[in-house]
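The block underneath contains the structure these notes are about, expressed in structure tokens.
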Amino acid sequence: MLDIKLIRSNPDFVKERLSTRDKAYSKMIDEILAADEERRGLIRELEDLKAEKNRISKQIGILFREGKKEEAEKAKEEVHAKNKKIDQLEKELKDVEKRFNYLLLSVPNIPHPSVPVGEDEEENVEIRKWGEPRKFDFEPLPHWEIGEKMGILDFERGAKLSGSRFTVMYGYAAKIERALINFMLDLHTKEHGYTEVWTPVLVKPEVLKGTGQLPKFEEDLYKVCDEDLYLIPTAEVSLTNLHANEILKEEELPKYYTAYTPCFRREAGSHGKDVRGILRQHQFDKVELVKIVRPEDSYIELEKLVKEAEKVLQLLELPYRVVELCTGDLGFSASKTYDIEVWVPSQNRYREISSCSNTEDFQARRAKIRYKDKDGKNRFVHTLNGSGLAVGRTLLAVMENYQRKDGGFDVPEVLKKYM
RNA sequence: GGAGAGGUGGCCGAGCGGUCGAAGGCGGCUCCCUGCUAAGGAGUUGAGCGGGUUUUCCCCGCUCCGAGGGUUCAAAUCCCUCCCUCUCCGCCA
């Protein structure tokens with residue numbers, strides 16, 4: 001959520017920055033300003049009325065004590081009239097505020113000035129590459145063929161149980177999945193200073209509002225039908241909201257959290273995309289990294305975060321590249337995002353395996369995560385999140401990059417002690 | 001799921017329908033005292049919003065005592081609904 005005071009005081013700046021994402025936001029800012037104007041007018045009127053009412057009410061107490069019954073009764077009449085007006089204005093205010101809040105919650109974050117301007121992923125900028133894609137002396141197979149031949153990936157039974165984009169893994173695949181999770185968590189907790197967290201995967205709507213999935217992206221989420229709970233699309237949701245509605249002490253910052261959780265996404269709107277294999281599933285495992293930091297540290301922390309995620313691929317010896325997302329490809333809550341893309345031999349291209357973002361105070365404002373600074377002032381923290389990494393996609397990358405001519409594949413050295 | 005108890009400021013804990021944003025204690029901060037430390041003394045210390053003034057100083061107002069409704073001129077205080085925590089029972093991985 002953007003600061004309404006920023007929108008109010010500098011609408012042209014906000015419009016200009018948001019138009020790098022999509023031109024349509026200009027109109028939305030105007031609507032917000034209009035609603036804000038209306039809202040504040042009502043508040044002013046209401047507060048004056050309430051102040052007056054409170055004053056008279058206090059008088060009534062005094063009058064009764066002094067035995068001045070008639071005067072008190074007269075004053076009551078006066079308050080009655082005020083209450084009628086107050087009720088009416090409050091109803092109006094409620095409506096305006098509902099509209100205002102919805103609008104404000106529907107505006108995406110402002111891209112950082114360093115973010116390249118562009119329309120879509122075509123204009124993302126490659127920052128660096130690591131490793132050399134392997135030259136095969138045979139035609140590399142896609143992971144689904146390797147998996148089916150080995151009998152460790154079962155798409156048919158996945159579909160039988162749950163429908164398309166659900167997979168069953170047996171033996172080796174299941175075991176590597178588990179090994180990868182342990183390997184990643186160990187790396188981040190032992191080498192990078194993260195605290196391992198285990199969280200619920202069903203959360204309340206306000207939690208999803210905090211990180212920006214609601215109210216705008218409800219169709220991407222799975223909702224439980226008998227209760228007001230949603231399955232998390234990423235552990236970023238539960239980790240970031242750990243400190244919702246809290247005022248932290250400055251000394252407590254930064255906080256580094258990592259968690260393994262399954263993630264659930266409806267993948268509405270991606271029909272026909274990546275339908276084969278385990279690249280895009282409704283349920284997948286991910287080890288997530290979340291940082292809660294002081295505003296002045298957040299961009300240094302973002303660079304560190306990307307390196308920490310990259311480290312996983314380096315140790316697994318999987319070739320990858322880092323790209324910076326352009327304004328048009330930036331996620332809703334992000335100010336700046338680096339994607340890490342791993343080499344996928346069967347597709348002869350790099351595919352996203354991690355996304356690392358600084359949301360600045362966008363989520364902090366929504367979730368009300370603050371800290372008390374040295375002067376005793378409450379300020380919003382900055383929050384960051386990144387995949388460290390998407391586990392299923394890592395498994396797929398291992399299977400394809402480490403495949404052998406005989407149809408099997410090798411296990412990366414660092415994983416062997418986890419097997 | 002059943003029975004009972006309870007949800008008040010960073011924490012603990014009082015609270016009669018008006019004088020309660022809330023006693024008291026702890027903690028924090030500032031100052032005094034002290035050679036240092038400890039002890040002692042004085043003061044101060046919630047959040048959000050709107051407005052004024054203007055900027056990082058303050059002033060005025062509104063709202064907030066789990067959440068949402070209701071009664072009343074007036075609710076932390078009375079009533080209803082919901083949520084959560086604790087104890088006991090039941091059920092269960």
Side-chain angles (χ1 to χ4, degrees), chain A residues 1-10 32-101 103-105 198-210 224 226-230 238 241-253 255 262 294-296 361 364-381:
Chain A
M1 180 165 66
L2 299 184
D3 186 356
I4 180 61
K5 286 179 192 140
L6 175 71
I7 300 177
R8 219 185 271 154
S9 64
N10 220 334
I32 289 177
L33 285 168
D36 181 49
E37 204 45 52
E38 200 180 333
R39 174 182 148 260
R40 282 191 296 158
L42 284 168
I43 288 174
R44 235 171 297 159
E45 209 178 325
L46 257 169
E47 286 187 350
D48 286 347
L49 275 169
K50 283 183 180 174
E52 185 59 9
K53 168 197 161 170
N54 289 344
R55 200 184 57 75
I56 302 173
S57 274
K58 267 182 195 166
Q59 278 303 313
I60 293 174
I62 295 168
L63 288 173
F64 268 121
R65 221 168 307 144
E66 290 173 350
K68 297 178 182 166
K69 285 247 164 64
E70 296 93 276
E71 278 181 64
E73 291 300 332
K74 232 175 95 190
K76 272 196 194 183
E77 296 291 312
E78 236 180 296
V79 176
H80 260 305
K82 298 241 183 274
N83 274 345
K84 224 178 223 173
K85 184 81 182 160
I86 287 171
D87 276 353
Q88 181 212 327
L89 287 179
E90 254 170 5
K91 218 166 275 163
E92 281 178 46
L93 181 64
K94 217 172 175 180
D95 287 347
V96 174
E97 267 188 335
K98 207 170 143 194
R99 190 155 44 93
F100 172 76
N101 284 330
L103 282 167
L104 201 56
L105 286 172
W198 187 93
T199 77
V201 297
L202 282 168
V203 297
K204 301 174 182 176
E206 60 259 37
V207 170
L208 288 151
K209 200 182 95 189
V224 175
D226 289 328
E227 268 177 278
D228 207 10
L229 291 171
Y230 296 81
S238 20
N241 279 288
L242 241 29
H243 296 291
N245 302 309
E246 290 183 20
I247 300 175
L248 302 165
K249 295 190 178 108
E250 184 160 6
E251 313 86 81
E252 293 179 73
L253 301 177
K255 284 185 178 292
R294 297 187 310 170
E296 52 269 44
D361 65 4
R365 209 175 276 286
R366 290 175 162 244
K368 296 196 181 64
I369 311 170
R370 290 168 291 174
Y371 76 101
K372 210 171 263 301
D373 72 10
K374 290 198 175 66
D375 301 322
K377 262 182 99 170
N378 295 329
R379 301 171 65 195
F380 288 109
V381 298

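Order of the sequence lines fixes the chain letters, A, B, ..., with proteins taken first and strands second; residue numbering starts at 1 for each chain.
Atom name C1', nucleotides rG21(B) and rA5(B): the rounded distance is 27 Å, in whole Å. On the P atoms, rA74(B) is 16 Å away from rG69(B), given to the nearest whole Å. Going from the C1' atom of rC11(B) to that of rG4(B) covers 27 Å, rounded to whole Å. Taking atom P on both rU19(B) and rG27(B), the two are 31 Å apart, rounded to the nearest angstrom. For the P atoms, the distance linking rU85(B) with rG48(B) amounts to 27 Å, nearest Å. Rounded to a whole angstrom, the distance from the C1' atom of rC79(B) to that of rG17(B) is 13 Å. Across the P atoms, rC12(B) and rC73(B) are found 38 Å apart, a figure rounded to whole Å. Rounded to whole Å, the separation between the P atoms of rG46(B) and rU34(B) comes to 31 Å.
With sequence neighbours excluded, no residue forms a salt bridge (Lys or Arg N to Asp or Glu O under 4.0 Å) with Glu246(A). With sequence neighbours excluded, the residues satisfying salt bridge (Lys or Arg N to Asp or Glu O under 4.0 Å) with Lys68(A) are Glu66(A). With sequence neighbours left out, the side chain to side chain donor-acceptor pair (under 3.5 Å) criterion links Lys74(A) to no other residue. Residues satisfying the side chain to side chain donor-acceptor pair (under 3.5 Å) test with Glu97(A), not counting sequence neighbours, are Arg39(A). Taking Asp228(A) as the reference, Lys223(A) meet the side chain to side chain donor-acceptor pair (under 3.5 Å) condition, with sequence neighbours excluded. Applying the side chain to side chain contact (heavy atoms under 4.5 Å, CB included) test to Ile247(A) and every residue at least two apart in sequence or in another chain returns Arg370(A), Lys372(A), Asn378(A). Legend: residues meeting side chain to side chain donor-acceptor pair (under 3.5 Å) with Glu37(A), ordered by chain and number and at least two apart, are Arg40(A).
To the nearest 0.5 Å, atom NE2 of residue His243(A) and atom CG of residue Leu253(A) are 8.5 Å apart. Considering CD of Glu250(A) and CZ of Arg379(A), their distance stands at 7.5 Å, rounded to 0.5 Å. Rounding to the nearest 0.5 angstrom, the gap separating the CG atom in Leu93(A) from the CG atom in Leu46(A) is 6.0 Å.
What separates CZ of Arg366(A) from P of rG48(B) is a distance of 19 Å, to the nearest Å. Counting to the nearest Å, the C1' atom of rC62(B) and the CD atom of Glu45(A) are 14 Å from each other. Atom NZ in Lys372(A) sits about 19 Å away from atom P in rG27(B), given to the nearest Å. The interatomic distance linking Arg379(A) (CZ) with rG48(B) (C1') rounds to 18 Å, in whole Å. Look at CG on Asn245(A): it is 12 Å from P on rG48(B), rounded to the nearest Å. The nearest whole Å value for the distance from the CG atom in Leu42(A) to the C1' atom in rC49(B) is 14 Å. Put simply, CZ on Arg365(A) is 14 Å from C1' on rC49(B), counting in whole angstrom units.
Mapping Glu52(A) and Asn378(A) onto RNA chain B by nearest heavy atom places Asn378(A) closer to the 5' end of the strand.
Classification of Lys249(A) and Glu251(A) as a salt-bridged pair fails, no side-chain N sitting under 4.0 Å from a carboxylate O. A salt bridge between Arg365(A) and Asp361(A) is present, with a side-chain N of the basic residue lying under 4.0 Å from a carboxylate O of the acidic one.
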In B/S/- notation (B base, S sugar-phosphate only, - none; protein heavy atoms under 4.0 Å), nucleotides 63-77 of chain B written 5' to 3' is S-----S---BS---
Filtered N/O pairs between nucleotides 8-13 of chain B and protein, under 3.5 Å:
none

N/O-N/O pairs, protein side and nucleotides 50-54 of chain B side, under 3.5 Å:
from    : atom 1 : to       : atom 2 : distance (Å)
rG50(B) : OP1    : Arg8(A)  : NH2    : 3.1
rG51(B) : OP1    : Arg40(A) : NH1    : 2.9

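Among the protein residues, Lys204(A) comes within range of no part of the nucleic acid, since none of its heavy atoms lies under 4.0 Å from any strand.
Sorted by first and then second residue, the salt bridge (Lys or Arg N to Asp or Glu O under 4.0 Å) pairs involving residues 41-59 of chain A (not counting sequence neighbours) are Lys50(A)-Glu90(A), Glu52(A)-Arg55(A).
The shortest heavy-atom contact between Pro200(A) and Ser238(A) is O-OG, 3.8 Å.
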RNA chain B base-pair string [pairs: Watson-Crick or G-U under 3.5 Å; |: paired with another strand]
((((((((.[[[..)..(.....]]]((((((.......))))))(((((((.....))))))).[[[[[..)....]]]]])))))))....
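Remark: Glu227(A) CD is loosely packed, at most 12 non-hydrogen atoms of other residues, nucleotides or ligands lying under 6.0 Å away.
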